[in-house]
Amino acid sequence: MSFKFEKMIIWQKAMDLGEATNLLAETFPKKEIYNLSSQIRRAGDSIALNISEGSILQSDPEFRKFLGYAIRSTAEVVTCLHKAKRRNYFNESTFELHYTNCFDLINMSIAFRNRLNPKK
């Protein structure tokens, strides 16, 4: 027994990204606990949450809307990564790893959303 979204690659990758951003946020300075650390965690978790919420009992146009939220949350994670990099919270290779994961997930999510019928 499983939910439809649990079989979706984009949901699985979003879950992985959420956990990775959570671990990354733990390395930020304590002064960021209520700022950038919190923001990147919430944005990272929001991706999978929106994919799952949109997939349950929703029409394709409604699911497309929730996928749009997930895509925007992924872009928010990217911006948090840039902020953290500018503040020297991690090195370039750490940035590249997380950035690439976000880039891949956004492209997969857009491609998936484009396959959904906007009128059904």
Side-chain angles (χ1 to χ4, degrees):
M1 175 170 47
S2 66
F3 291 96
K4 173 176 135 180
F5 61 83
E6 292 173 305
K7 297 174 185 160
M8 298 169 63
I9 301 296
I10 59 170
W11 179 82
Q12 294 168 10
K13 290 196 175 291
M15 289 292 289
D16 293 343
L17 182 66
E19 297 312 307
T21 55
N22 184 57
L23 289 173
L24 182 64
E26 287 184 16
T27 69
F28 292 1
K30 294 292 180 214
K31 69 180 181 179
E32 293 288 5
I33 194 165
Y34 299 112
N35 294 312
L36 195 58
S37 297
S38 174
Q39 191 69 31
I40 197 169
R41 281 186 171 112
R42 287 182 288 117
D45 286 344
S46 180
I47 303 164
L49 292 168
N50 278 298
I51 292 168
S52 62
E53 185 176 356
S55 74
I56 300 295
L57 300 174
Q58 303 292 342
S59 63
D60 279 1
E62 192 71 8
F63 192 11
R64 287 172 58 92
K65 181 171 79 171
F66 279 91
L67 286 169
Y69 299 151
I71 290 163
R72 288 191 289 277
S73 291
T74 310
E76 190 175 342
V77 170
V78 170
T79 301
C80 289
L81 291 172
H82 278 286
K83 288 272 190 197
K85 184 176 120 182
R86 286 177 176 219
R87 295 174 188 174
N88 297 312
Y89 296 163
F90 46 69
N91 61 31
E92 184 67 28
S93 64
T94 299
F95 173 82
E96 287 297 325
L97 172 70
H98 292 279
Y99 184 89
T100 300
N101 290 337
C102 289
F103 184 85
D104 292 345
L105 182 57
I106 280 182
N107 285 319
M108 289 174 66
S109 299
I110 290 169
F112 182 80
R113 185 182 66 172
N114 288 343
R115 287 197 310 265
L116 294 174
N117 188 336
K119 308 256 189 218
K120 273 188 167 176

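Positions are given from 1, in the same order as the sequence printed here.
Nearest heavy-atom pair, Ala43 versus Ser73, reported as atom, atom and distance to 0.1 Å: O-CB, 3.6 Å. What you find for Ser37 and Ala25 is that their closest heavy atoms are OG-O, 3.5 Å. Ser55 and Lys4 make their closest contact through O-NZ, 3.5 Å (heavy atoms, listed as atom of the first residue, atom of the second, distance). When all heavy atoms are compared, the tightest approach of Lys7 to Ser2 is CE-OG, 3.1 Å. Taking both residues in full, the closest heavy atoms of Cys102 and Val77 are given as SG-CG1, 3.6 Å, listed atom of the first, atom of the second, then distance. The nearest pair of heavy atoms linking Pro61 to Pro118 is CG-O, 3.0 Å.
For the pair Ser38 (side chain) and Asn35 (backbone), a donor-acceptor distance under 3.5 Å is absent. With hydrogens and angles disregarded, no donor-acceptor distance shorter than 3.5 Å links the side chain of Arg113 to the backbone of Arg64. A side-chain donor-acceptor contact under 3.5 Å links Glu32 to the backbone of Leu36. For Thr74 (side chain) and Ala70 (main-chain N/O), a donor-acceptor pair under 3.5 Å exists by modelled atom type. For the pair Gln12 (side chain) and Glu6 (backbone), a donor-acceptor distance under 3.5 Å is present. Here the side chain of Ser52 pairs a donor or acceptor atom with the backbone of Leu49 at under 3.5 angstrom.
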Item to complete: Starting from the C-alpha separation in whole Å, work towards a yes-or-no answer on side chain to side chain contact (heavy atoms under 4.5 Å, CB included) for Arg41 and Glu26.
Response: CA-CA 10 Å; Arg41 281 186 171 112; Glu26 287 184 16; 3.0 Å; yes
Discussion item. Apply side chain to side chain contact (heavy atoms under 4.5 Å, CB included) to residues Leu81 and Leu24 and explain how you reach the verdict.
Written reply: CA-CA 10 Å; Leu81 291 172; Leu24 182 64; 3.6 Å; yes
Practice prompt. Evaluate side chain to side chain contact (heavy atoms under 4.5 Å, CB included) for Phe5 paired with Ile56, printing each intermediate quantity in order.
Written response: CA-CA 8 Å; Phe5 61 83; Ile56 300 295; 3.9 Å; yes
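The aromatic rings of Phe103 and Tyr99 sit parallel to each other, their planes meeting at less than 30°, with 60° as the upper class boundary. Using cut-offs of 30° and 60° on the angle between ring planes, the pair Phe63 and Phe112 is perpendicular.
Linking ILVMFWY side-chain heavy atoms closer than 4.5 Å, directly or via other members, places Met15 and Ile40 in a single hydrophobic cluster. In terms of hydrophobic clustering, with Ile, Leu, Val, Met, Phe, Trp and Tyr side chains grouped at heavy-atom distances under 4.5 Å, Ile110 and Ile9 are assigned to different clusters. Hydrophobic clustering of Ile, Leu, Val, Met, Phe, Trp and Tyr side chains at less than 4.5 Å, counting indirect connections, unites Phe3 with Met8.
Between atom CD1 of residue Ile106 and atom CD1 of residue Ile10 there is a gap of 12.0 Å, rounded to the nearest 0.5 Å. The structure places CZ of Phe90 at 10.0 Å from CD of Glu96, a figure rounded to the nearest 0.5 Å. Atoms CG and CD, from Leu97 and Glu92 in turn, are 11.5 Å apart once rounded to the nearest 0.5 Å. Residue Asn101 holds its CG atom at 8.5 Å from CG of Leu105, rounded to the nearest 0.5 Å. Atom CG of Asn114 is separated from atom OG of Ser109 by 10.5 Å, given to the nearest 0.5 angstrom. To the nearest 0.5 angstrom, Asp60 atom CG is 12.5 Å from Lys119 atom NZ.
Lys13 is not listed as a side-chain neighbour of Leu17, based on a closest heavy-atom distance of 4.5 Å or more.
Results of the side-chain contact (heavy atoms from CB on, under 4.5 Å) test with Tyr69 over Asn50, Ile47, Ile51 single out Asn50 as the only residue that passes.
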